[in-house]
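Working notes, structure below.
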Protein chains: 2
Amino acid sequence: MAPSRRAPTADGTARRRVTATDVAREAGVSQATVSYVLNNTPGQTIPAHTRERVQDAVARLGYAPHGAARALRLGRSDVVLFLLPDWPIGPAVVTLVEGLTERLQAQGLSLLVRRAAEGVALSGLWRSVSPAAVVSLDALDGAELEAMEGAGIPVVSALVRPRASAPGVLTGSHTLIGATQLQHLAATGHRHIGYGLPDDPRVAVFRDLRLDGVRTAAFELGLAEPSVRVVPMSVGGAADVVAAWRAESPAVTAVCAYNDDMAFALLAGMRTLGLTAPTDLAVIGVDDTPLAPFAHPPLTTVRQDADAIMDFLTAAVLRRLAGGTPPRPPRSEAITLVVRESA
Amino acid sequence: MAPSRRAPTADGTARRRVTATDVAREAGVSQATVSYVLNNTPGQTIPAHTRERVQDAVARLGYAPHGAARALRLGRSDVVLFLLPDWPIGPAVVTLVEGLTERLQAQGLSLLVRRAAEGVALSGLWRSVSPAAVVSLDALDGAELEAMEGAGIPVVSALVRPRASAPGVLTGSHTLIGATQLQHLAATGHRHIGYGLPDDPRVAVFRDLRLDGVRTAAFELGLAEPSVRVVPMSVGGAADVVAAWRAESPAVTAVCAYNDDMAFALLAGMRTLGLTAPTDLAVIGVDDTPLAPFAHPPLTTVRQDADAIMDFLTAAVLRRLAGGTPPRPPRSEAITLVVRESA
DNA sequence: TTGTATGCGTTATCAA
DNA sequence: TTGATAACGCATACAA
């Protein structure tokens, strides 16, 4: 009955943790040797015989290194922290998490995702997790970023804000997204175009960026300034906005929705008005949600190639970890227009 | 030029970490005192004067405790590990993550999410993170679970499999979901009912559980065995299945979709056939996706109350952390029928 | 009331 | 080739 600091479990047992010292004793070697074997320490030649004995003992005892101790000693863990902002999390972000998890896992790194809680900053977290690197979807506070880099933690940002074009920062192509939307509508003959603004203040960055792209493209094509309206995420609310657009003179004949979800709302609102896309009003979304092909009519949308982003992010993390400089972000981040029937 | 182990940052700087000892020196007290102040150590009375000096120094130096060192000393971190299985992650899981993050944050705990990569087990992770607790969406390997509990780490499972009704395990109400779907269809006069099976093998557990609920309910109501078909997630594929259901004799007049996404596919398939719900074929989903109200026609579906689940999970974690036994799971986990127009 | 000293489990330096 | 041993940064039992 070995005494223990740990809280007893439900069934009353309370095992002590298996340490490298236990393994050493079991294998009849010193604890240092265990470490050498387990880490393949360069410059240390271990005879096959010893190596085997150690590995047997490890297996027998079910030993696994203590991450905290390792992190304390090494100054970093094998965790990559993925900081998710306050925003609503859509399928695109989920895909990103899935892809990054797999890619980093292949490199022996564990992606741990932390979502920012409403309003609260994640500032302290990195100090307590000692991650090998941090990937952030949002812009980080300048001082915070400096502190992290100062502590030797590479920060890679998949960012979106136009200003920050620092190395290791993927400046999003949201303006390009907006431009692509508008260009498609213009190419299909529309002259008076609306822009549907989201209600949620948390996505203000994207909203502004995308709208900016739309505006600029409209200007370049010699079109009128787009008619901007906030679109509520309800059938009735969306219908009202649609009606308002159509009542303008000249009437709006096509709208860029902030994203596919909004496009769905718009389409639903139109139906209650007896209207159909694209004849009465063309609608184009952003994201290419899995549900987009099932919209009525099937949704025309703009997609951002997730693979390109994930590859860049992974490469950036790896390069920084190896002490190098981050790769250049992909030029235009593979924005593709997916033409279906709604526009 | 202080030497440092750390990799130099991009700009060549390489600061040493600020430790509690640094704070102590700055404040002119001992490191122990710093610790006392920062942790409000019970049984230690610190005069306001000293306390202030320490806190000033902390602020001035920007000190934050080193998580790894803390975890090593305490045996546990303030991280709660949320293990996400291999399955496709939908809006429901996202909501769960958001809710748990906030609730735990309010208790000073950080929820870190780890998605299982394709096929690879997450077995080792807990050993290296030293979490205060683990929340798992999936069933854990028995040995693994025992090891974690043995190490004093409470494991709370939001489970779904019927067998495991152990304490701290939330046995899902998937059969109830299926039953609710069928009961609604029966109540609206349908006698010959279809069940749409998902293609993805990863969701087999839910699939079987929900189908089981449908079957049982059908039996209890004296209806014929439901006609089960795999529904591909494409307009054409879904259309084929719809046609097949209608070609049966007696024809299927209503279907339970595995989830809302599938319901969208089915609805889209029907449209290509010139069919509309619920007249030609009633369709009911599961999840109440944000997009469900925007379906054509608006989707009737079954919703699982996320709040109840999150509350239970949070309570379970906290109770176990306090050394107590987990609360009893909510009896029926608040399944609600959301009637719109598709069924 | 505060300070000293110890150990948590590792890795890495050095001597054997 | 291997084995003592010293940090890593913190919390706490104990001494002052």
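In what follows, chains carry the letters A, B, and so on, assigned in the order in which the sequence lines appear, proteins first and then strands, with residues in each chain numbered from 1. Because the structure is predicted, anything quoted here is derived from the model rather than measured.
The base of C:dT13 sits with one of its N or O atoms less than 3.5 Å from a complementary donor or acceptor on the side chain of A:Y36. Contact of A:Q31 with D:dA4 (side chain to base): no donor-acceptor pair of N or O atoms is detected under 3.5 Å.
Regarding B:D78, its CG atom lies at a distance of 11 Å from the P atom of D:dA11, rounded to whole Å. Rounded to whole Å, atom P of C:dT2 lies 16 Å from atom CG of B:N39. One interatomic measurement links the two molecules: CZ of A:R76 to P of C:dA12, which rounds to 12 Å at whole-angstrom precision. A:H66 has its NE2 atom 16 Å from the P atom of D:dC10, to the nearest Å. If you measure from atom CG of A:D22 to atom C1' of C:dG9, you get 10 Å, rounded to the nearest angstrom. Spacing between atom CG of A:L72 and atom P of C:dA12 amounts to 13 Å, rounded to whole angstrom units. With rounding to whole Å, B:H49 atom NE2 is found 13 Å from C:dT1 atom C1'. Per the geometry, CZ belonging to A:R53 stands 15 Å off P belonging to D:dT1, to the nearest Å.
Side-chain atoms of B:R53 and B:H49 include a donor-acceptor pair closer than 3.5 Å.
Residues A:A69 and A:I46 both approach DNA chain D. Their nearest nucleotides, taken by heavy-atom distance, put A:I46 toward the 5′ side. Taking for each of B:Q44 and A:T21 the nucleotide of DNA chain C with the nearest heavy atom, the 5'-most of the two is the partner of B:Q44.
Within 4.0 Å (heavy atoms only), A:V29 reaches sugar-phosphate atoms of the nucleic acid but no base atom. Nucleic acid contact class of A:T41 (heavy atoms, under 4.0 Å, all strands): none. Contact annotation for A:A20: backbone-only contact, meaning every heavy-atom pair under 4.0 Å involves sugar-phosphate atoms and none involves a base.
Of the side-chain N and O atoms in B:R70, one or more sit less than 4.0 angstrom from OP1 or OP2 of D:dA11. Of the side-chain N and O atoms in B:T33, none sit less than 4.0 angstrom from OP1 or OP2 of C:dT1. Regarding contacts with the backbone of C:dC8, every side-chain N or O of A:T19 stays at 4.0 angstrom or more from both OP1 and OP2. Put simply, B:S35 has a side-chain N or O that comes within less than 4.0 Å of OP1 or OP2 on D:dA11. For B:T45 and C:dT1, the shortest distance from a side-chain N or O to OP1 or OP2 is below 4.0 Å.
What you find for B:A316 and B:P327 is that their closest heavy atoms are CA-CD, 3.6 Å. Contact detail for B:M310 and B:L100: the closest heavy-atom pair is O-CD2, 3.9 Å. Of all heavy-atom pairs between B:T101 and A:R114, the closest is CG2-NH1, 3.2 Å. The shortest non-hydrogen separation linking B:N39 to B:R70 is OD1-NH1, 3.4 Å.
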